[in-house]
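Whatever order the structure lists ligands and atoms in, that order sets their numbers, starting from 1. Throughout, numbering of the chain's residues begins at 1 and tracks the sequence.
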Amino acid sequence: MESMKFTDVDDTVVTRRNEPGIRIRTLTAFFFLLLAALLAVGVGIIVHFTTSSSGCQVNWPTTALSDLFSDEYMLQKCSVISKERKKCPKGCEYIEKIETPVKDIFDRPNDVRLPNETVPYHYKIKLQPHFYNENPKDFFFEGTSKMFFTIFENTTKQIIIHSAGLRIDKTYTKVQDDKGRDIKIADQVYDVERQWWRIELKSEMHPNNNYSIEHKFEGDLTDGLAGFYRSKYFDKKTQMTRYLATTQFQPTDARRAFPCQDEPAKKATFNITLIKKKGYTALSNTESYYERKLHDDWIEVGFKETPKMSTYLLAFIVCDFINKSQKTKNGVEIRVWARRDAIDKVDFSLDAGRKILEHFEDYFQIPFPLNKLDMIAVPDFSAGAMENWGLVTYRETTLLVDERSATSNKQRVAVIVSHELAHQWFGNLVTPAWWDDLWLNEGFASYVEYLGVDKIFPDWGMKGLFIIEDLQDVMRFDGFKNSHSIYHYVIHPRDISEIFDRISYAKGASVIRMMKDFIGEDLFLKGLTKYLKTYQYSVANHNNLWDALTNVCKEEGKYIDVAKIMNSWVRQTGYPVVKLWRDYLGSKTKLYSDQIRFLNEKNHLYDPEHNKVQKLQNSWYIPLTYRLDTSPKTERVWMNNENITIPIDRNVQWYLGNLNQSGFYRVNYDEANWNALIDQLIKDHTVFDVINRAQIIDDTFWLGRSGLIDQRLSLTAIEYLKRELGDMGYLPWKSAVRALNFFDRMLKKMPIYGNFLTYMRNLITPVYDKFGWNISKTDKHLVKYMKSTAVEVACTVEHQDCIKKAREEFEKWLIDDNYKIEADLTSVTLCVGIKFSNGSTWERVFGRFMNETSPTMKSKLMHSLSCSREPWILIKYLLGAIGSELIRNQDAVMVIHYISKNPIGGDLAWNFITQNWDDINKKLGGTLLSTNNLINSVTAALNTRVAYKQLENFAKTHKEKLGAAVRIVEYAKERTKAQIEWIDKNYDQVAAWLRDRYPFA
Ligand SMILES: [Zn+2]
């Protein structure tokens, strides 16, 4: 899945290269050391069985689980209890047992995992959605399902099946043995907490025998964006609202569509039948192979049996969309579906989809196992996209491209298509055995998505963009003390939703990239293919991947203990900062290095409860790379617990670590070396690779923020950017903009802000003068970004020429509906236009927003409406987002997010949230991801003691209703406190520096 992500809070204050609603990067929850400790539950051990002629072969995890554990993981009291080594019955591939755990802190059961008595191997499902009248409140679906299963080990009289929100007809439920003989049912009860439908039988079922259970049920087609749900759109031709029925199952919502054993390792084959009305299309994972007319214009559509797969990857859609199609060189038919009015916008994704699918077949060395691939733009969709096998669902904005789409929109579409197609192998063919290894799915997809796009658009600079958009982006989150390890133990459905976050995606991707770098590309690919082929149509965990990679290395005579190295990265929270320093006065010149865990806020090392500085004893296996100014050669050395010493020549002026930023660590230096590096940047920045220029800026900012170096050093380093005017300049500029957003947020309400604006204008003016407003179709990808960044930053810091031009463009557009503002500059132009407009202009633009049918343009308009400087307008907009049907549920959270980024709107949004929490929660459907995003966003700029008190009161007042979101409130409190302390410690110094060098003008 591509999560619904905000363009992170640090990112959106100064610039929004990522167009509104398109690039929904970031955040999500940080999970908690303390919580992990409290969740002292038993961890089941995964045993993977592969069927062979002689029975089953049991592969125990090869790395002892106690090896290389992080502290918090140890606190989870892992307990090994699974001992089943008996013969594997038909259909069984996987067994797991969980100890009865302790109660968790939210007072809910933790033993929500299904027992392994029954092992499903096939389902027959028939579903008939009813959504054809005018009243969506009456929409529902009905169906039958038959699950075929094997009894694993012991005789049992019990069958447990997941079900949520379904009305199951008890009188219909039927259990049979493999001879078709009924087994009498004693009782059927629903366990609400566990979402279990529990069937007790009068007689026993026996090991190695096959049985079936049949259900009849119905459920509501709600607008809840989960399970089998309804979506709608307005059709221009008929001037009517049209509806469709669609699904979203990951992670635990297949059980909302039909009763099933809804865990990823319970893989089975599926025969799906959908019943639709004439004039509609029915889609599922595989191609349809028959259509049969029923009564009253109903048509039954049968789909070919699926490969063996997890329930969360199923999809069912009934809609009146149309498609365009292409065939890959291996004959796979790719169709892209959209509503009739949007079908002219699918060409880009269709083309990209075909090329990327062909590329991944080569890359993974395994053909795509289905003979068709559908991709569909669903008008109401909670995530960015979902990789259902053979039927990938997308938000409209992540699949459709038109002439209004900015360069970033296009890139976003290509990247998400690439991400979902990578999942067809990584996730669908081989699936993590449980959600704690979700990162394996998402980390891989998030890394190879860049490679897929790089293949088809080699001039886009995707490999450099990875550094900016994923690696540096997630380092910020992972630097908080309350981050969590990549491998994260989860069990309850609510906790599972929480790990669809930046750590699983972007940090997962970053450590995989680092691994590829130290293993070498060829061996990395060889190991990957081996892993996929070994576990295809089955499940695996991260140790299986480490083994595959270690073995291919060994075969080539290269000894790398991948498990030892990688577990230090995936099982420990956070990441290291390596310090390189030299003794300038000593008789022998040497370079020394050591590592500590990096924390964003130095004061967090202080533990007030015990009145002492916490000892953080983590250590990582670090592939350290460095170079000296005297040679362009990349030197490599491994670091772990021991400090290392490297003799160097006395003539060396500077040294630079983590080349190409291929490692997931920061680098700090002695002060003299920092100054030498900054001097070099000023003298000739091209001596450093562009990725390292971006890295120096990012590292100086965060090291300064954490107190490890003087914060003024980063402001000084950034000054060289005036000369960063080449094609690749976008990368360091983007790193700088992110850092400057923090200063902007902290200084906005301080008397020094005018000087800060002078500093910013001084930086941006040469870039603005060079790049300005002239974006041409023939410009390179990164040049387009550079140009739009120049305009966005200049207009944000009120560069007069920029404001003037934006207002002129806005006026032309306002007068003439058909006037086209340059797509890459539309967002900033509309925002400036609205900022300097009155209420009646705002109303006109709101009218255009309502009537706009291009999803891209609609989201730009939605963003621009948040730029007003009139508090009453912003309040009106907030109320509209929450209290009316005018704005889709999926967009309401974006509106509040945008308004909170407006200097006038920040306090308004925060007060609005605190006062209307119940209504807002209702509108968001109470989903944790939306709640987390929202709270994170509106609290990002809080840095006063008054605000901290408000936050405390908010947490107290809404404690009951916040549920698991109480964690993000705790995180917001921690951040607010840290920001107050940053002001206390740094404001005077930074203000003096700005006053001295950049007099207010
Ligand atoms: Zn994904």
remark   = The N/O/S atom of His423 lying closest to the Zn ion (ligand 1) is NE2
Presence of salt bridge, Arg339 and Glu396, under 4.0 angstrom = yes
message = Only N/O/S atoms count here: what is the atom of Glu442 closest to the Zn ion (ligand 1) called?
response = OE1
task = State, to the nearest 10 degrees, the angle whose vertex is the Zn ion (ligand 1) and whose arms point to NE2 of His419 and O of Met1.
result = 100°
query = So, Lys372 and Glu333, do they make that salt bridge, N to O below 4.0 Å?
reply = no
key: Salt bridge present between Asp517 and Arg513 (N-O < 4.0 angstrom)   = no
task = Would you name the heavy atoms of His423 and Phe426 that are closest together and state the gap between them?
result = ND1-O, 3.0 Å
